[in-house]
J.: 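Below: one structure in structure tokens.
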2 protein chains.
Amino acid sequence: MPRDLPKSAATGRVTINDLARALGLAKGTVSRALNGYPDIAETTRSRVARTAERMGYRPLAQAQAIRTGRARALGLVLNAGGDAEHRPFLTDFLDGISRAASEESWSLTVATARDVEDEVATMARLIDERKVDGFILPRTRLHDARIDLLRTKGVPFVLFGRTADPTDCAWHDISGEDAIKAAVIRLGGRGHRRIGFINGAAEYTYASLREGGYREGLEAVGLPFAPELMRVGATTMAQGETEGEVLLDLADRPTAIICALDQAALGLYRAARRRGLRIGPDLAVIGYDGIPEGAHAHPPLTTYAVDSRAAGARLAKLLFARIRGTAPEHLRELAPARLIARGSDIAECYPDPDGLPDRMTT
Amino acid sequence: MPRDLPKSAATGRVTINDLARALGLAKGTVSRALNGYPDIAETTRSRVARTAERMGYRPLAQAQAIRTGRARALGLVLNAGGDAEHRPFLTDFLDGISRAASEESWSLTVATARDVEDEVATMARLIDERKVDGFILPRTRLHDARIDLLRTKGVPFVLFGRTADPTDCAWHDISGEDAIKAAVIRLGGRGHRRIGFINGAAEYTYASLREGGYREGLEAVGLPFAPELMRVGATTMAQGETEGEVLLDLADRPTAIICALDQAALGLYRAARRRGLRIGPDLAVIGYDGIPEGAHAHPPLTTYAVDSRAAGARLAKLLFARIRGTAPEHLRELAPARLIARGSDIAECYPDPDGLPDRMTT
DNA sequence: TTTTCCTCCGAAACCGGTTTCGGCAAGGGA
DNA sequence: TCCCTTGCCGAAACCGGTTTCGGAGGAAAA
């Protein structure tokens with residue numbers, strides 16, 4: 001092994017100075033070679049690259065940041081306040097982002113906040129300290145204070161979801177409205193005439209979009225919109241049960257119910273069971289999200305599944321493009337949810353595995 | 001407003017140079033004043049502090065890092081491979097860490113990995129790039145490659161869990177073994193003589209600890225350890241169901257079963273129901289974790305709950321202490337799980353809300 | 001042969017902080 | 001009065017990178 005040492009005695013890290021010394025070049029030259037400046041001879045460039053590789057040189061992100069202004073980090077602020085429960089795919093989502101980020105040697109900085117104010121304050125702090133170069137905004141609202149902040153500060157961002165005013169906004173979203181519409185059509189095509197809808201939290205954009213999908217679906221199958229068949233604000237199993245009870249206790253009760261969240265659908269299962277209604281034959285149910293519990297429910301829940309990992313990866317890529325200057329108008333994507341047809345929306349009675357009465361259960 | 005401007009024209013940030021200029025001091029003096037060096041007059045110090053506050057000065061973390069070697073960031077590498085499902089409290093956990101971190105103006109860098117190798121590689125990258133000052137290690141194994149890496153690299157870390165060789169290890173853990181032992185005693189005290197145990201994944205430390213708790217509990221109530229009553233490797237509902245079936249199909253089947261994970265307990269519910277056994281009267285069940293679904297199960301699941309948010313916060317604080325030089329031996333904590341007594345382990349039949357047969361359910 | 005133009009690299013400034021070092025002035029002791 | 005501390009601050013080096021600027025040298029054009 002050639003004499004590459006010493007590598008900055010103290011820390012044990014190999015710095016650009018070590019590299020330059022080993023190569024017999026000026027450190028500025030090495031830097032430009034590594035960063036693809038055009039005024040470096042091809043032979044030199046490859047020599048530098050090889051030696052850097054061999055010596056295991058890794059630029060110190062923060063040293064670069066101080067000059068370039070790039071921390072090489074993506075920011076994600078999670079709202080951990082209140083009903084934080086319904087976040088079934090956080091690990092997958094993080095994985096998607098993190099994997100895409102590390103492909104470019106970027107990292108992911110995560111923070112949490114209790115409420116909207118806290119979210120904005122936390123983001124402001126991350127910006128002031130230049131800890132991140134841009135943000136991924138999950139759970140967008142129709143009017144979103146986070147977007148206002150980032151717009152005025154001029155910090156790049158990308159939405160997981162949509163918002164009322166799309167100015168300056170790049171986004172990736174799942175077309176929940178198409179899924180809900182398809183669900184209505186699917187049920188309508190099977191003869192259902194009273195189709196209920198249990199929506200999620202009204203302040204989020206997705207809720208109004210899915211309501212739109214519901215209405216469009218009704219129109220497509222020639223059914224009138226009946227206000228009493230739509231409920232709002234069910235994001236947990238308990239809330240789904242409550243709202244389900246309201247619908248099932250209607251004089252002219254629905255024969256099918258679509259839920260904007262699988263969690264709510266599972267709550268609805270319980271409401272139905274308590275009323276002696278069999279999911280499938282007596283009440284068709286379709287959910288949305290694709291949580292794993294749905295597959296194990298009785299009967300298994302038909303649902304439109306979201307690929308959170310893929311969404312995270314796409315969001316990271318869009319944010320990279322945004323940071324590098326692509327106009328937000330060119331960074332807007334809508335991906336479809338994927339239908340997983342199982343037993344909860346078909347009339348045949350789901351065969352109970354061994355015919356025993358189900359007394360004790362989730 | 002006094003003339004504090006200009007604040008570094010280009011970026012709009014106020015730097016230490018702006019501050020020094022506004023104060024008429026050398027920037028080195030300002031830095032020392034802010035960092036509590038003893039050779040600064042008290043009057044000067046407070047003047048600097050006030051002006052910094054008023055001008056909204058925030059030191060650039062990466063500029064500090066390059067000299068001090070401190071990125072002011074905590075690292076967390078999540079394993080997102082395979083059976084990643086059973087991570088019910090990730091948001092809470094992140095919240096605990098993040099909140100404790102931001103109290104000291106630190107941040108949290110999250111990465112993901114598919115498997116153990118990937119974990120180690122990812123951590124090595126974060127270390128080489130000096131992106132983080134220390135790691136929180138969730139899901140510790142008896143023999144853990146991550147710990148070996150950090151030991152040899154001399155990077156501070158703290159375990160959420162324990163490990164075979166505690167050298168250099170600080171940790172915070174929940175005493176699952178005490179909980180399981182208490183569960184056995186609780187059941188034994190009610191006359192149960194055949195008490196089963198469905199454990200989690202064997203490679204993790206917690207599994208062997210909880211097995212130890214199970215054995216101790218049996219000894220405490222004077223019962224022999226029966227190998228056929230113990231199953232291993234159930235971390236999901238489906239696996240819990242499978243292992244539950246094995247136990248329930250035993251010739252001399254258990255009258256009570258403890259599950260090392262609530263998820264498995266919910267699977268066990270289904271296995272029992274399929275066999276016509278009522279949870280409570282026919283089979284006592286106790287879980288561990290405290291997932292919200294347990295509260296909504298029929299009957300509600302008795303369990304030992306873990307406070308993930310508090311654990312995250314403690315881990316962050318321990319890691320701070322570790323980074324600042326406290327010896328690991330002084331940074332080891334064991335917190336108890338909290339019993340939530342509900343209906344699943346008592347003999348009285350849990351009153352079904354409205355007496356209807358439960359056919360369709362999760 | 002001289003001039004001009006590239007190509008390619010070295011030198012030095014710079015980014016925003018921290019830390020070391022030295023010196024001035026005031027205060028205390030002899 | 002003189003000397004020696006001590007308290008307090010300025011100046012400058014430093015951290016590990018990036019970027020600007022200018023010039024040496026070779027090739028092409030005149």
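All chains are named by letter (A, B, ...) in the order of the sequence lines, taking the proteins before the strands, and each is independently numbered beginning at 1.
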J.: Answer yes or no: is there a side-chain heavy-atom contact under 4.5 Å between B:Asp173 and B:Thr140?
T.: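 The answer is no; the side chains never approach within 4.5 Å.
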J.: Under 4.0 Å between a side-chain N or O of B:Thr29 and OP1 or OP2 of D:dG10?
T.: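 So the side chain of B:Thr29 is within the cut-off, an N or O lying under 4.0 Å from OP1 or OP2 of D:dG10.
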J.: Quick one: A:Lys27 NZ to C:dG10 P, roughly how many Å, whole number?
T.: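 Atom-to-atom, A:Lys27 to C:dG10, this comes out as 14 Å.
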J.: 5'-most contact on DNA chain C: A:Gly28 or A:Asp39, nearest heavy atom basis?
T.: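 Result: A:Asp39.
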J.: When you measure from the side-chain N and O atoms of B:Ser31 to the phosphate of C:dG16, is any distance below 4.0 Å, counting only OP1 and OP2?
T.: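 For C:dG16, neither OP1 nor OP2 has a side-chain N or O of B:Ser31 closer than 4.0 Å.
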J.: Is any side-chain heavy atom of A:Pro59 less than 4.5 Å from a side-chain heavy atom of B:Glu129?
T.: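 Side-chain contact under 4.5 Å: no.
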J.: What is the separation between atom CZ on B:Arg13 and atom C1' on C:dC15, rounded to the nearest whole Å?
T.: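 Answer to the nearest Å: 11 Å.
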J.: Given that A:Val30 and B:Leu34 both sit by DNA chain C, which one's nearest nucleotide is further toward the 5' end?
T.: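 Its nearest nucleotide being more 5', the pick is A:Val30.
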J.: Side-chain N or O of B:Asn35 versus OP1/OP2 of C:dT18: is the shortest distance under 4.0 Å?
T.: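 It does, given that an N or O in the side chain of B:Asn35 lies less than 4.0 Å from OP1 or OP2 of C:dT18.
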J.: Rounded to the nearest 0.5 Å, what's the gap from OG1 on A:Thr122 to CZ on A:Arg146? Could you check?
T.: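 That separation rounds to 11.5 Å.
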J.: Can you check whether B:Tyr37 has a side-chain N or O nearer than 4.0 Å to OP1 or OP2 of C:dT20?
T.: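 For B:Tyr37, the contact criterion (side-chain N or O under 4.0 Å from OP1 or OP2 of C:dT20) is not met.
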J.: To the nearest Å, how far apart are B:Gln64 CD and C:dT19 C1'?
T.: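 Atom-to-atom, B:Gln64 to C:dT19, this comes out as 13 Å.
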J.: Can you check the B:Ile40 CD1 to D:dG10 C1' distance for me, whole Å?
T.: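 One finds 10 Å between C1' of D:dG10 and CD1 of B:Ile40, rounded.
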